[in-house]
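Encoded as structure tokens, the structure appears first; notes follow it.
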Amino acid sequence: MGRKYDNRKLYYWLMGSCLALIGLAWFVVRLFSIPAAIGMSAVAAVLPPIAVIVANWGQD
């Protein structure tokens, strides 16, 4: 149970980071730098697959 809880916790952190990056990129950073907002969105696009891999790590 302890390992699964750690995986779930890390999954929520990664997905929360994804949402935060998207929100900041679209609503704040784009006003100052469009290339930075595109970069943040690209990083946010890569996080969900990584989060799923982390959440299922060690599952049979």
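These numbers were taken from a predicted model, which means no experiment stands behind them.
Applying the side chain to side chain contact (heavy atoms under 4.5 Å, CB included) criterion to Ile38, with sequence neighbours excluded, gives Ile34. Shown here are the side chain to side chain contact (heavy atoms under 4.5 Å, CB included) partners of Ala36, two or more places apart in sequence or in another chain: Val29, Ser33. Evaluation of the side chain to side chain contact (heavy atoms under 4.5 Å, CB included) rule for Leu24 yields Val28, Met40 as partners, not counting sequence neighbours.
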*Would you please test Val52 and Asn56 for side-chain contact (heavy atoms from CB on, under 4.5 Å) and show each step?*
CA-CA 6 Å; Val52 170; Asn56 291 316; 3.6 Å; yes
Under 3.5 Å, sequence neighbours excluded: what are the donor-acceptor pairs made by side chains of residues 15-22?
from	atom 1	to	atom 2	distance (Å)
Ser17	OG	Trp13	O	2.8

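There is a path of hydrophobic side-chain contacts, each under 4.5 Å, that joins Val54 to Leu47.
Closest heavy-atom contact between Pro49 and Ala45: CD-O, 3.7 Å. Looking at every heavy atom in both residues, Tyr11 comes nearest to Ala51 through CD1-O, 3.3 Å.
To the nearest 0.5 Å, atoms CH2 (Trp57) and CD1 (Ile53) are separated by 8.0 Å.
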